[in-house]
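See below for the structure under consideration.
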Amino acid sequence: MGVRMAILLLFLIEAALTSADRRAVDLQREKATLLALKQGLTLPSAAALADWNESNSNVCGFTGVTCDWRREHVVGLSLAKMGIRGAIPPVIGELSHLRILDLSKNNISGQVPTSVGNLTRLESLFMNNNGISGSIPSIFSDLLPLRTRLRQLDFSNNHISGALPLDLGRFGHLQSLNVSGNNISGTVPPSIGNLTLLEHFYMHDNIISGEIPLAICNLTSLKDLEMSVNHLTGQILAELSNLVRLRTLGVSYNRISGAIPPSLGSLVQLQSLDVSGNYISGTVPPSIGNLTRLEYLNMQNNFISGEIPLAICNLTSLRVLEASVNNLTGQIPAELSNLRNIGAIDLGSNQLHGGIPPSLSELTDMFYLGLRQNNLSGNIPPAIFLNCTGLGLVDVGDNSLSGEIPRAISSTTKCQFVVINLDSNKLEGTLPRWIANCTNLMTLDVEDNLLNDELPTSIISGKKKLMYLLLSNNRFRSHDDNNLEPFFAALSNCTSLRDAGGMGEHVSSWPMSEPFLPSWLISELASLGLLRIVLSNNALKGEIPPSIGNFTNLGELDLSGNMLSGSIPSSIESLAELRVLSLQRNRLSGQIPVASLGRCTKLIRLDLSSNRFNGTLY
């Protein structure tokens, strides 16, 4: 009777409980689970999740916790960016009413606990940006009980390996799948074609190989398809034109060959197309002009040939046009001026000829213009510098441009230039004084031209952000024809300076037997943060100023091929980091300061030839 009475009593108590009482019991049970979870987590400090404690009865008010509208169960847990370390405790699988679990952007390591498979109501799982390991097939196997509910799954930027499971298609309710930034290998399984509700698929930055499966072209709900930076081969499928809702298509930096399919012109919703860094050949199809919503077009680093099609000029929404490092020929279309929203144009390293169209000056929102390493000739249109008031980076080096550097920019706006690369052309005259007003200037490269001017002391004065000042192989002169001191004083105030004079990578006008710096040494100087002062092959006169000894982080000093006179200052001994000293082909005289040079213990190249030194070496 005792047992029967006890059962009867429990039944009566249960019947007497109100719905509110039941909610409280359920919530207390889940509170205990949360506290156990906290106990198992490695938190950054005692202050983290401080409100998760026994005395706090407001479970639905716990940091990161969301309850359903009846406050019966915990349905959401968001602990992103909490600084959590270590493994995920298995107890998390007891929060069986969870619909959203977000543990992203922590330092979580180890494998995903199999108990996550108990969260059968889960719709969104975010574990991205951690250090989670394990194999992707095991993870999906554990998640199989969730397959009829799971809508969003993000394991991006972890250390997950293995191949995508062959039965990936069983997760037929997925709308977003992100496995990018891992070590996933193998091929994309054909069963992916069963994920007909999928809208976002990101698998970039892995080592996935094989061809793009035809089954992907069945995913007509897709809006974003990002497969860049893998080992994919084959061609871009013409059938991708079936994905009429597609907004983003990225297959960059794979091993894809063939031509860009003309059928892609039917993807009229497309906003971003990136096929860069492949082996794509053929011409740019004119049908690309149908993509009037396109904002980003990147075709760089391929083998695309032919002329730039005029159809590109129809893309009036375009903000970035990147087609550098290809085999494009013909002239730059003047009709590019139709791209009124463009912010960046890069057509460098092609075989374009003719002039820079003056009509580009109508692109008043343009920030970057890159036309380096083509066969362009004629003047730099002054209107580009006058009207493109936001222009911050211009790179037209390594062409055959002539005339003067434009003498004026807009007087109504502050100079926005950060990078000015005009090197390896046939530019004449002097440096325009407006450069002095470019307070954010980081790079000024005019080497290998025909400029005839004094060293730009006033231009560089106060340039705290200037990192690269490249002047070699011109006809720059010393101040008053014999004084280098003002220039070196101005250089010493450029506290960010890394390279003054020349990069040492361009072929000079001297014979090919001239000993240039090997690339490993240039890289070493850069990695050590050492300054390079290279003012070779100009028309500098006067003496090397003693203040050269103030540049204690100087790694290379090259003043060769000038008309310098006087002796080598003894202050050279202060250059403890000096690796390269090139003073050949000048008019230096006096004795070589052997003792001072001997204190430059890291010196590995010294050239004092073709001067007027006397005395003995001892």
Side-chain angles (χ1 to χ4, degrees), residues 26-69 71-134 136 138-140 142-143 146 149-161 175-183 200 202 205:
D26 289 340
L27 207 53
Q28 282 301 113
R29 187 182 301 115
E30 293 180 9
K31 176 182 178 180
T33 301
L34 289 172
L35 295 180
L37 177 62
K38 177 184 176 181
Q39 188 69 26
L41 293 172
T42 304
L43 299 171
S45 68
L49 301 183
D51 59 342
W52 286 31
N53 58 71
E54 193 66 54
S55 61
N56 186 357
S57 60
N58 183 17
V59 180
C60 297
F62 278 14
T63 298
V65 170
T66 302
C67 293
D68 59 3
W69 68 276
R71 301 176 70 85
E72 287 182 333
H73 297 288
V74 175
V75 296
L77 184 58
S78 178
L79 300 180
K81 300 181 183 178
M82 295 291 294
I84 299 170
R85 294 179 290 109
I88 303 168
V91 70
I92 200 166
E94 296 179 17
L95 296 171
S96 57
H97 288 79
L98 275 184
R99 297 173 194 162
I100 299 174
L101 175 58
D102 186 354
L103 299 176
S104 64
K105 300 177 183 177
N106 284 290
N107 296 306
I108 296 170
S109 56
Q111 300 187 15
V112 179
T114 57
S115 61
V116 170
N118 297 332
L119 306 178
T120 54
R121 293 178 174 85
L122 203 63
E123 297 175 2
S124 299
L125 177 58
F126 305 104
M127 291 192 174
N128 51 293
N129 295 84
N130 280 291
I132 295 171
S133 56
I136 197 76
S138 296
I139 291 172
F140 272 90
D142 294 337
L143 295 179
L146 286 59
R149 290 270 192 146
L150 207 56
R151 303 290 188 273
Q152 296 175 290
L153 184 58
D154 191 344
F155 278 103
S156 61
N157 300 312
N158 281 288
H159 304 306
I160 297 169
S161 58
Q175 296 174 2
S176 178
L177 175 60
N178 192 342
V179 294
S180 62
N182 282 287
N183 299 311
H200 315 281
Y202 306 98
D205 292 278

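All residue numbers in this chain count up from 1 along the given sequence.
Looking at every heavy atom in both residues, Glu72 comes nearest to Leu27 through O-CD1, 3.7 Å. Annotation for Leu98 and Gly76: closest pair CD2-N, 3.7 Å, computed over non-hydrogen atoms. When all heavy atoms are compared, the tightest approach of Gly117 to Leu146 is O-CD1, 3.4 Å. Between Pro90 and Ser115, the shortest heavy-atom distance links the atoms O-OG, 2.6 Å. Heavy atoms only, all atoms of each residue included: Gly83 and Pro44 are closest at O-CD, 3.6 Å. The heavy-atom pair separating Leu41 from Ala87 by the smallest distance is CD2-O, 4.5 Å.
The CG atom of Leu125 sits 15.0 Å away from the CZ atom of Arg149 when rounded to the nearest 0.5 Å. In this structure, CG in Asn129 is found 11.0 Å from CD1 in Ile108, a value given to the nearest 0.5 Å. The distance from atom OG1 of Thr66 to atom CZ of Arg71, rounded to the nearest 0.5 Å, is 11.0 Å. In this structure, the separation between CZ on Arg99 and OG on Ser124 is 11.0 Å, given to the nearest 0.5 Å. With values rounded to the nearest 0.5 angstrom, Ile139 atom CD1 is found 12.0 Å from Thr114 atom OG1. Interatomic distance, Met82 CE to Thr63 OG1, rounded to the nearest 0.5 Å: 6.0 Å.
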**Request:** Would you please test Ser104 and Asn157 for side-chain contact (heavy atoms from CB on, under 4.5 Å) and show each step?
**Result:** CA-CA 10 Å; Ser104 64; Asn157 300 312; over 6 Å; no

**Request:** Please report the C-alpha distance between Ile136 and Val179 in whole Å, then the side-chain angles of each, then the deciding distance to 0.1 Å, and finally whether the side-chain contact (heavy atoms from CB on, under 4.5 Å) criterion is met.
**Result:** CA-CA 9 Å; Ile136 197 76; Val179 294; 4.3 Å; yes

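Between Leu37 and Leu77 there is a side-chain heavy-atom pair separated by less than 4.5 Å. Counting heavy atoms from C-beta on, the side chains of Ser133 and Gln111 come closer than 4.5 Å. Contact of the Asn178 side chain with the Asn128 side chain is not registered, since no non-hydrogen atoms from C-beta on lie closer than 4.5 Å. Proximity of Val112 to Asp142: side-chain heavy atoms (C-beta onward) are nowhere separated by under 4.5 Å. The side-chain heavy atoms of Ile92 and Leu103, taken from C-beta on, include a pair separated by under 4.5 Å.
Put simply, the side chain of Asp68 never gets that close to the backbone of Val75: no donor and acceptor are under 3.5 Å apart. Under a 3.5 Å cut-off, the side chain of Lys31 and the backbone N or O of Trp52 do not form any donor-acceptor pair. Of the possible polar contacts, one joining the Asn130 side chain to the Asn106 backbone as a donor-acceptor pair under 3.5 Å is found. Distance alone, capped at 3.5 Å, is enough to place a donor-acceptor pair between the Arg121 side chain and the Ser96 backbone. Side chain of Glu30 to main chain of Val74: a donor-acceptor pair is present (N/O by atom type, distance under 3.5 Å, no hydrogens or angles). Of the possible polar contacts, one joining the Asn182 side chain to the Asn158 backbone as a donor-acceptor pair under 3.5 Å is found. Using modelled atom types, no side-chain atom of Asn118 and backbone atom of Val116 make a donor-acceptor pair closer than 3.5 Å. Not one N or O on the side chain of Asn107 forms a donor-acceptor pair closer than 3.5 Å with the backbone of Ser109. Judged by distance alone, the side chain of Asp102 and the main-chain N or O of Ala80 form no donor-acceptor pair under 3.5 Å.
Within 6.0 Å of the NZ atom in Lys38, the count of heavy atoms belonging to other residues, nucleotides or ligands exceeds 12.
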